[in-house]
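Presented below is the structure to which this report refers.
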Amino acid sequence: MQHEGTKTDVFTKSIKQRYQSNMMDDIILYFMRTILHFEKSGIEDLPLEQSYPKPINDFLNLAMELIIDGQPPEVSTLILDTEYDMILHKEDITSEIVLGLRMVRELSWHIHYDEDYYKYILMTENLWGNRVSEYAARTFYPNLPDAIKDKYQIHDLIKYMPQEMFRLEDY
């Protein structure tokens, strides 16, 4: 016997309502900041400080180590997939943690190996909470190269924002 509203409630919530979380915001913000640091000074300032709970913390540190070491995609894939599988098999974790681990893997992968690494992070917008959206508008978007702003019509997103609202150095 199914209780009234349980199954249908899950399907009536938007993707953002079901999967967006403070942890997801933290991970996306970390990678936005990583992209800005990477653009400014390459891997010199990486990895950025972070203090996520385990197992996100260890997995993110490993992903960043693979980027900094310049490991080829074949090696990075083997290592990250192995660690991901090990975490899933040895720990009782929530779907929020699993999604966070996947997000770390995907963002680190795309930043490291894609020619246009902006595309993936911009395509995750349906998982952004208010903190990420605000950071994107005030810091991330305005700091992107003009070619990327043109390609993804970001100029339109920031052109009406008062200059005093920007936090260009907040990365």
Side-chain angles (χ1 to χ4, degrees), residues 15-16 18-73 75-84 87-88 93-154 157-158 166-171:
I15 293 296
K16 185 178 278 196
R18 288 191 298 194
Y19 296 106
Q20 188 281 323
S21 67
N22 284 330
M23 184 178 57
M24 185 62 61
D25 278 359
D26 290 341
I27 291 168
I28 295 168
L29 286 168
Y30 179 88
F31 280 99
M32 284 181 169
R33 292 179 55 236
T34 295
I35 287 170
L36 294 177
H37 278 269
F38 184 72
E39 283 293 318
K40 181 178 178 185
S41 58
I43 62 170
E44 192 172 307
D45 290 339
L46 300 179
L48 303 177
E49 286 189 39
Q50 54 91 4
S51 59
Y52 300 112
K54 289 186 178 266
I56 298 289
N57 181 41
D58 296 339
F59 195 69
L60 179 58
N61 285 337
L62 175 61
M64 294 307 296
E65 183 180 339
L66 293 168
I67 290 172
I68 292 167
D69 286 350
Q71 293 296 325
V75 172
S76 292
T77 297
L78 286 171
I79 291 171
L80 288 175
D81 287 352
T82 298
E83 290 299 319
Y84 177 80
I87 291 167
L88 293 183
I93 56 178
T94 65
S95 61
E96 178 183 29
I97 297 288
V98 173
L99 183 59
L101 292 167
R102 292 293 301 172
M103 184 61 79
V104 167
R105 185 204 180 280
E106 294 301 316
L107 285 170
S108 67
W109 176 268
H110 289 283
I111 286 172
H112 192 184
Y113 301 111
D114 287 0
E115 188 174 317
D116 178 3
Y117 48 81
Y118 303 100
K119 182 178 181 179
Y120 189 83
I121 200 163
L122 294 171
M123 297 303 289
T124 65
E125 186 177 12
N126 287 341
L127 296 174
W128 297 3
N130 291 336
R131 286 187 307 129
V132 176
S133 296
E134 180 181 340
Y135 183 83
R138 291 181 169 203
T139 306
F140 188 66
Y141 293 156
N143 277 302
L144 294 178
D146 285 335
I148 297 301
K149 289 177 188 174
D150 291 340
K151 182 175 183 176
Y152 295 105
Q153 293 92 35
I154 292 172
L157 296 174
I158 61 174
F166 290 141
R167 294 188 314 230
L168 301 178
E169 301 299 321
D170 185 21
Y171 63 92

State, yes or no, whether a side-chain contact exists between Phe59 and Ser108 at a heavy-atom distance under 4.5 Å.
no
All side-chain hydrogen bond (donor to acceptor under 3.5 Å, both in side chains) counterparts of Arg105, not counting sequence neighbours:
Asp81
Output for pair (Leu80 CG, Leu62 CG), nearest 0.5 Å, gives 5.5 Å
Should Phe38 and Leu48 count as side-chain neighbours, where that means a heavy-atom distance under 4.5 Å?
no
Where is the tightest heavy-atom contact between Arg33 and Glu49, given as atom of each residue plus distance?
NH1-O, 4.3 Å
Hey, what do you get for CD (Glu96) to CE (Met24), rounding to the nearest 0.5 Å?
7.5 Å
Between the CG atom in Leu107 and the CZ atom in Arg102, the distance rounded to the nearest 0.5 Å is 11.5 Å
Please set out all donor-acceptor pairs under 3.5 angstrom arising from side-chain atoms of residues 142-150, sequence neighbours excluded.
residue	atom	partner	partner atom	Å
Asn143	ND2	Thr139	O	2.8
Asn143	ND2	Leu168	O	2.9
Lys149	NZ	Pro142	O	2.9
Asp150	OD1	His155	NE2	2.9

Sorted by chain and number, sequence neighbours left out, side-chain hydrogen bond (donor to acceptor under 3.5 Å, both in side chains) with Glu83 holds for none
Could I get the full list of side-chain hydrogen bond (donor to acceptor under 3.5 Å, both in side chains) partners for Lys16, not counting sequence neighbours?
none
Before you tell me yes or no, could you show the steps for Asp58 and Tyr52 under side-chain contact (heavy atoms from CB on, under 4.5 Å), namely the whole-Å CA-CA distance, both residues' side-chain angles and the distance that decides it to 0.1 Å?
CA-CA 9 Å; Asp58 296 339; Tyr52 300 112; over 6 Å; no
List the steps, then state whether side-chain contact (heavy atoms from CB on, under 4.5 Å) holds for Tyr152 with Asp116.
CA-CA 11 Å; Tyr152 295 105; Asp116 178 3; 2.3 Å; yes
Closest heavy-atom contact between Ile68 and Ile43?
O-CD1, 3.5 Å
Closest non-hydrogen atoms of Pro55 and Ile87, given as atom of the first, atom of the second and distance, are CG-CG2, 3.7 Å
Kindly indicate whether the side chain of Tyr117, heavy atoms from C-beta on, has any atom under 4.5 Å from the side chain of Thr34.
no
So, taking the atom named OG1 in Thr77 and the one named CD in Gln71, what distance separates them when rounded to the nearest 0.5 Å?
11.5 Å
Do the side chains of Glu106 and Thr124 get nearer than 4.5 Å, heavy atoms only?
no
With rounding to the nearest 0.5 angstrom, report the CG to CG distance, Leu88 to Leu101.
7.0 Å
Using the rule given for side-chain contact (heavy atoms from CB on, under 4.5 Å), can you reason through Met103 versus Leu127, listing the C-alpha separation, both sets of side-chain angles and the distance that settles it, and then say yes or no?
CA-CA 10 Å; Met103 184 61 79; Leu127 296 174; 3.6 Å; yes
Heavy atoms, side chains only, cut-off 4.5 Å: are Phe166 and Ile158 in contact?
yes
Nearest-0.5 Å distance that lies between atom CH2 in Trp109 and atom CD1 in Ile67
11.0 Å
Has Asp69 got more than 12 heavy atoms of other residues, nucleotides or ligands less than 6.0 Å from its CG?
yes
Test item: Leu46 and His37 side chains (from C-beta on) under 4.5 Å apart, heavy atoms
yes
Got a sec, which residues hit salt bridge (charged side-chain N to carboxylate O under 4.0 Å, His left out) with Glu39, two or more places apart in sequence or on another chain?
none
For Asp45, enumerate each residue passing the side-chain hydrogen bond (donor to acceptor under 3.5 Å, both in side chains) test, keeping only those at least two apart in sequence or located in another chain.
Ser41
Taking every non-hydrogen atom, the tightest pair across Gln20 and Gly129:
NE2-CA, 3.3 Å
Whether Trp128 and Tyr141 hold their rings parallel, tilted or perpendicular, with breakpoints at 30° and 60°
tilted
Residue that, paired with Val104, satisfies side-chain contact (heavy atoms from CB on, under 4.5 Å) out of Ile27, Asn61, Leu99:
Ile27
With side chains defined as the heavy atoms from C-beta onward, is the minimum distance between Lys119 and Asp114 less than 4.5 Å?
no
Side chains of Tyr30 and Met64: closer than 4.5 Å at any heavy-atom pair?
yes
Restricting to non-hydrogen atoms, name the atom on Val132 and the atom on Asp25 that form the minimum distance, rounded to 0.1 Å.
CG2-OD1, 3.3 Å
Between Phe140 and Leu122, what is the shortest heavy-atom contact and its length?
CE2-CD2, 4.2 Å
More than 12 heavy atoms from other groups under 6.0 Å of OH on Tyr120:
yes
For side-chain contact (heavy atoms from CB on, under 4.5 Å), just list the numbers for Arg131 and Asn22, CA-CA rounded to whole Å, side-chain angles, deciding distance to a tenth of an Å, and then say yes or no.
CA-CA 9 Å; Arg131 286 187 307 129; Asn22 284 330; 4.3 Å; yes
